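See structure below.
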Amino acid sequence: MDVATAPNMATISREALQSLLDVLAEDHDVIGPTVRDGAIVYDRITAVTDLPAGWADFQAPGRYRLERRDDDALFGFTVGPQAWKRFLHRPVETLWTMRKSDNGATIEGDTSAAVKFAFIGVRACELRAIAIQDRVFAQGPYPDTAYALRRQNAFIVAVNCGQAGETCFCVSMQAGPKAESGFDLALTELIDGDGHRFLIEVGSEAGARILARIPHRSATDQEIAKAAAVIAGTESQMGRHLQTDGIKELLLGNLDHPRWDDVAERCLTCGNCTMVCPTCFCTTVEDHSDLNGLSAQRLRKWDSCFTMDFSFIHGGSVRQSPRSRYRQWMTHKLATWIDQFGTSGCVGCGRCITWCPVGIDITVEAAAIRANPRPRAGQRHGHT
Ligand code: SF4
Ligand code: SF4
């Protein structure tokens, strides 16, 4: 079947999923969910058997564990600790390497940007997070060329969630659970008396070209209805809710609210929430040189607004207290991000709740301020 006649909605078998991986592997690094160290982690995959068949994840504030499902679902979990940003906006990026030579010095840029990724199993909230990072890295006045190239080369196979986690609130952030845009192909896993199969939706011409190369048939009306019911079921099971109306004004109008002191008593300022967050993008730059003076490198590394160094300028750190650092993170995510980039910086994936060692929950913190807002009078944006 050629691209022009490929259906927009098709059905593929579990076996045909292997064909999809094989076709993509011809010119992509195929990355998908795997089980490692008791968690779902994104890694290189070559076969359907690399996927986490029969695994679900239990998540709660500060808690995560894998559990067996009573079926063989390949995508029967929500999101793990890693976000796709580790491949697009990498934890450590070599900006350049300088080598001393007889003629002076040569400077090389990083060549790893040329890699072509195919991401398998990207959730709706993660698609939204990628779109947010596109805004930051690729659509501003100074695009990050390595990010933009990796992003342009990436092929995305999304998966609509078949269940919500305890810490998920994508519905509140209008970021899921259905993949609406930003994918090449989107799967909905169906397991019933008619077998284990996937409804597959085409989201781009590249997706149509790939679909045309793998065994598929047109989806039946029943399969389309069943997939819609799966997504509706997920939507009704959201573990959490965040009331977003007027949230920017609410938070910025309560910068001296006592709840910031309350959360500061619990926050370890470990930065886990920023590391797992799929939209956090802050970095620091380090220069390294070797001991014989023949080469030097400039590296860009993920950083966190929870560290003292992050806001260090002459005379010390601007944000010295845990209170100011937590407030900076949360008000950026939910309020000032809107001024900066036109959207919320949160997609409701729940990672910051699950992976916070003391179980601090951004939805609970926002609700506590909303429940008892303080007047603006006398407010200042303190540095303490
Ligand atoms: S909110 Fe939790 S994860 Fe974030 S810095 Fe504080 S203790 Fe660490
Ligand atoms: S702030 Fe928390 S829930 Fe929101 S996108 Fe980041 S990790 Fe996910």
Side-chain angles (χ1 to χ4, degrees), residues 57 59-64 78-86 89 122-136 161 164-177 238-244 247-248 251 259-282 302-311 319-338 340-341 343-369:
D57 49 3
Q59 303 197 36
R63 297 177 67 195
Y64 178 96
T78 56
V79 292
Q82 297 175 333
W84 297 98
K85 77 175 180 182
R86 69 177 289 101
H89 168 45
V122 181
R123 306 303 174 132
C125 62
E126 299 183 305
L127 290 172
R128 182 65 63 86
I130 291 171
I132 288 174
Q133 290 216 323
D134 286 352
R135 197 80 189 266
V136 174
C161 289
E166 259 294 294
T167 55
C168 292
F169 57 102
C170 63
V171 168
S172 302
M173 307 316 290
Q174 299 175 339
M238 282 291 122
R240 275 170 166 64
H241 170 75
L242 178 67
Q243 196 179 334
T244 56
I247 194 154
K248 181 180 117 179
L251 294 181
R259 186 71 186 192
W260 303 118
D261 295 313
D262 185 279
V263 71
E265 295 270 308
R266 292 170 277 136
C267 178
L268 309 174
T269 66
C270 63
N272 263 19
C273 46
T274 55
M275 295 297 116
V276 296
C277 178
T279 66
C280 277
F281 59 85
C282 288
W302 286 1
D303 202 353
S304 171
C305 53
F306 280 92
T307 69
M308 286 283 276
D309 281 355
F310 187 75
S311 66
R319 299 186 201 104
Q320 297 191 4
S321 66
R323 171 186 192 266
S324 64
R325 298 207 285 282
Y326 185 86
R327 182 181 58 190
Q328 158 62 25
W329 177 71
M330 190 167 133
T331 54
H332 188 210
K333 247 340 94 172
L334 299 177
T336 51
W337 202 294
I338 298 169
Q340 202 176 1
F341 300 111
T343 66
S344 174
C346 175
V347 298
C349 72
R351 286 183 177 92
C352 58
I353 304 170
T354 299
W355 296 95
C356 173
V358 291
I360 291 172
D361 180 337
I362 189 172
T363 66
V364 170
E365 298 311 315
I369 292 176

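Read the numbers this way: they start at 1 and go in the same order the structure lists the ligands and their atoms. Quantities reported herein were computed from a predicted structural model and do not represent experimental measurements.
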Inset, instruction - Answer yes if the side chains of Asp309 and Thr307 hold a donor-acceptor pair under 3.5 Å, and no otherwise. - result: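 Note: Asp309 and Thr307 side chains miss the donor-acceptor criterion.
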
Close side-chain approach of [X] and [Y], heavy atoms under 4.5 Å:
| X | Y | result |
| --- | --- | --- |
| Cys170 | Val347 | no |
| Arg240 | Pro61 | yes |
| Ser344 | Gln174 | no |
| Phe169 | His241 | no |
| Arg351 | Thr78 | no |
| Pro278 | Lys85 | no |
| Ile132 | Phe341 | no |
| Thr331 | Trp260 | yes |

Using a strict 4.0 Å cut-off to heavy atoms of [X], name the atoms of ligand 2 that fall inside it.
| X | result |
| --- | --- |
| Lys333 | 1 (S) |
| Gly350 | 3 (S), 8 (Fe) |
| Phe169 | 3 (S) |

Nearest-contact summary for [atom] - protein heavy atom, Å:
| atom | value |
| --- | --- |
| atom 2 (Fe) of ligand 1 | Cys356 SG, 2.3 Å |
| atom 6 (Fe) of ligand 1 | Cys267 SG, 2.3 Å |
| atom 4 (Fe) of ligand 2 | Cys346 SG, 2.4 Å |
| atom 8 (Fe) of ligand 2 | Cys349 SG, 2.4 Å |
| atom 7 (S) of ligand 1 | Leu268 N, 3.1 Å |

Inset, instruction - Classify the angle between the aromatic ring planes of Trp337 and Phe281 as parallel (below 30°), tilted (30 to 60°) or perpendicular (above 60°). - result: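 Ring orientation, 0 to 90° scale: perpendicular.
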
Inset, instruction - Can you see which heavy atom on Ala366 is nearest to which on Leu334, and at what distance? - result: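 Closest approach of Ala366 to Leu334, heavy atoms only: CB-CD1, 4.5 Å.
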
I'd like to check which ligand 1 atoms, numbered from 1 as shown, lie under 4.0 Å from a non-hydrogen atom of [X].
| X | result |
| --- | --- |
| Phe306 | 5 (S) |
| Thr269 | 5 (S), 6 (Fe) |
| Cys270 | 3 (S), 5 (S), 7 (S), 8 (Fe) |
| Pro357 | 3 (S) |

Legend entry - ligand 2 contacted by Val347 (non-hydrogen, < 4.0 Å):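 Judged by the 4.0 Å heavy-atom criterion, Val347 does count as contacting ligand 2.
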
Legend entry - Close approach of Tyr326 to ligand 1, heavy atoms, under 4.0 angstrom: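 Yes, Tyr326 has a heavy atom closer than 4.0 Å to ligand 1.
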
Legend entry - N/O/S atom of Cys277 inside 2.8 Å of atom 8 (Fe) of ligand 2, strictly under: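 No, since none of the N, O or S atoms of Cys277 sits under 2.8 Å from atom 8 (Fe) of ligand 2.
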
Inset, instruction - Using a 4.0 Å heavy-atom cut-off, say whether Trp329 meets ligand 1 through its side chain, its backbone, both or neither. - result: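 Trp329 to ligand 1: no contact under 4.0 Å from either part.
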
Legend entry - Under-4.0 Å heavy-atom contact with ligand 1, by part of Cys352 that carries it: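 Within the 4.0 Å criterion, Cys352 makes no contact with ligand 1.
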
